[in-house]
Amino acid sequence: MKKYNYFDIEKKWQNKWKKEKVFESNELLDKKKYYCLVMLPYPSGDLHMGHVRNYTIGDVVARFYRMQQKNVLHPMGWDAFGLPAENAAINNKIHPVKWIKQNIFRMKKQLQNLGFSYDWSREIKTCDPKYYKWNQWFFIKMWDRGLVFKKNAYVNWCKSCKTVLANEQISDNTCWRCNTNISRKKLNQWFLKITDYADELLNGHKQLSGWPKQVISMQKKWINKTYGMEISFTLSKINKKIKIFTTRPDTLFGVTFLVISPEHDFIDEIKSYIENYSEVEMYIHSNRNNILNKDKTGIKLNGISAINPLTNENIPIYTSDYVSVEHGTGIIMAVPAHDQRDWEFAKKFNIPIKEVIKSETNFVDISKCAYEDVGILINSWQFNGIKSDEAVNIISRWVEKKGVGKKVVKFKLKDWLVSRQRYWGTPIPMIHCKKCGIVAVSEKKLPVLLPEKINFVDGYGSLLQQNQNFINVKCPKCGIDAKRETDTMDTFIDSSWYYLRYCDINDNIVFDINKVNYWMPVDQYIGGIEHACMHLLYSRFWYKVIRDLGLVKHDEPFTNLLTQGMVTLNGTAMSKSKKNIISPDEMLKKYGADTTRLFILFAAPPKKQFNWTYCGLMGCWRFINRIWQLLDIVNNRSKKYVSTNNDDIIKKEKIKLLIAMHKTIKKVTEDIKKELQLNTAISCIMKLVNILYSYRYHSNDDGMSLKVYESVILLMAPFTPHVCEEIWEKLGHKKYISTYTWPTFDENIINESFVELPIQINGKLRGKITVSKNAKECDIKSVVGMDNKISIQLQNKKILKFIYIKNKIISIIAK
RNA sequence: GGGCGAAUGGCGAAAUAGGCAGACGCACAAGACUUAAAAUCUUGAGAUUUAUAAAAAUCAUGAGGGUUCAAGUCCCUCUUCGCCCACCA
């Protein structure tokens, strides 16, 4: 028996597909479109098994719908901006342009070797000026619509390199290059007003029935709409008010101090009143890594205090990093008796703890820990005795009546900080003019090109800031000397709309609206679960903005989403920095693309985490070889397989085989269509091949085995396309299997193995049931494990099926 | 600290809707072919006990309890692991 030569077969078909542009797509109006999108990779240099898994799932989907005669769009591109390229430039003295180019070259080759059915004519690179020009264009459109604003925000700062550090560039609280301790620095930064869309992003989830519940719930928690109150406290000695946010107005009488976030601009505003400001300032700029340090830190603002507007009590003000500037108003009223974090802070700084809610059932010792549950109000003036959950509303109304606060809705979702003090990204197309302020670059002047000549090695501070040619520019409004913005954009912007660019790659306009509206929305999006909140939320936001610009019709970009589980090695995620990458190259060399593809799908269900192992690889290899050998068997070239003249056996086996075939087609079709359960789909085909294999070939076969064999090849085509194309050709077909019609199943043939039987209870006919053919009619009286309850159900509900084993009915399923 | 998810043989995993737990594979064992090995083919197998001509009984889906004629699946309590986020007021 000849072994199958995967190397030649795979090369042959990859070249054919490429040459005849089998996977290039056009807007065909007579066919239903299907947009299958996989998350575009960062070109780090090598494909790892996580990529292989992601893209194989995507390719099976694309190939399946192509065979279902849909007009499929299946594109691929490169998320080419970002920090690693810049780090490579600094460390290895290689220019990001060159580094990215060679990485893409390598990875593209790997993708092509795997036989993915991409339309490469639509390939995009986000670092291409033809692409990022439109980032800038969108940015200006958003600026015009008031969705862009500037605000102070803190960054991690290295004093010695004079540069902003990303989390990735920090190890043990020190700079990756010079080991200097990092500190915090306030910078004026660019933001996008994603919070304007917070409500719509939340409500839009109703349209996303094709998304995993897990992702929806994660996004909901991320946006986190909360109802609370803003209450103004007056600062003693100063004629200023300080606004706090709380969700617990019922605890207003238990407030014993205020806490202001150390990053809050208000501290700057009142610094002349703070007696110990130099100490406070030191605290503000210190690097407080409260993730590792669970101990509460903070400092009292001496010389000022706040007055509770309702009780007129005078209370101290602290600053502490346990209060985030991003949430609420960035200032909280602390109720140590009823909030554990406040309690811990109060204990550390010896602040009084005032109990205002008592549990109705348990005795709670407030000196041991905070009581955060509901209860009865005490020490709360006229509100004593009211249940705390009711008091929330009662006190809210009272506060509003007094005119010192109002009910507000807040989101945890923060506005999107999009500026980066980096070189390798899209330049923000803004100009700073002394006379006119911030002026957008005119659309005609786009793109603002990223200069290529940069000194990476000796560079201090932001690399763009040193490039005088880039910085110096005339103001587009008044013409005087002005300075270009040197911040670049967050790379999440690149990936927020790339799926639209695939629909139409156009040098003159961002995209052709008609083409985009033909292909969008994406029918199936596939990518890692780690993008549940950031990328998948930013994209939704961006799409809604584009909709409001009148460029797209729909509200949501992705109809169905599959978040595939990670591929891990010994339980930890594969990453280049951890040096635990499994590259597909060796497997491709040893077993070929088809086996690699089959194995990664068969090893685990797509949604589940897959801890890497080679176990099972040989099984997939053997399976493909089996299919290959079957080609000879069905062509009756082999004498090895025994034939029998017993017509009865042949007939029985033929029916068995026919039913198995239809069942398999049904199962595989549904597994792919419904839940993308690709591992069980493959199992099912393997089972059918086992039955076909044991089926004794006979001259009376009537082409039965050929018929089953052809359907096996068709079913396998999305998974192992090369070998299937080759067999398909050898079977005498002229058309590509990749575009051939997917097999159909007949429900009647599947049901042929069942019969309908009457149900009798105590001798009376009670209805009919469907049972397997080898079951016998029986009297329910004799049934084990049955009581009156069931017989009552029988009268009310239809009986669909019952389970009949070893001459006993063990159960009835009623519906 | 918060959120989400998971736990089934030696291993990866199946199991519409509560209805024969372990499909399909891996690894393993025996046999066939072979000088031999590999490859391939055939067969076997959750565990334990009894029996060994077949077979039978009991125990088994992280732990403990509950609902049900029937629970991997539903409810309660707990344990462990993974992922995402970071004091969310």
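Chain letters run A, B, ... following the sequence lines, proteins first and then strands; every chain starts at 1.
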Which nucleotide, in any strand shown, forms a Watson-Crick or G-U wobble pair with [N], with both distances under 3.5 Å?
N	result
B/U49	B/A56
B/C78	B/G62
B/A17	none
B/A27	none

>> Parallel, tilted or perpendicular: which one describes the rings of A/W416 and A/Y538, with boundaries at 30° and 60°?
In response: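 Correct class here is parallel.
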Do the side-chain N or O atoms of [X] get closer than 4.0 angstrom to the phosphate oxygens (OP1, OP2) of [N]?
X	N	value
A/R622	B/C41	no
A/N611	B/G82	no
A/R626	B/U40	no

> Can you check B/G9 for me, syn or anti if syn means within 90° of 0?
Replying inline: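 With its glycosidic angle within 90° of zero, B/G9 counts as syn.
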Looking for any heavy atom pair under 4.0 Å, which part of the strands does [X] touch: base, sugar-phosphate only, or nothing?
X	result
A/A603	sugar-phosphate
A/K687	sugar-phosphate
A/N679	sugar-phosphate
A/V323	base
A/D339	nothing
A/T247	sugar-phosphate
A/Y614	nothing

>> Can you confirm if the NZ or CZ of A/R53 lies within 45° of the ring axis of A/F610 and under 6.0 Å from the centre of its six-membered ring?
In response: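 Relative to the ring axis of A/F610, which defines the angle, A/R53 lies outside at least one limit.
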> Do the ring centers of A/W621 and A/F602 come within less than 6.0 Å of each other?
Replying inline: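 No, too far apart.
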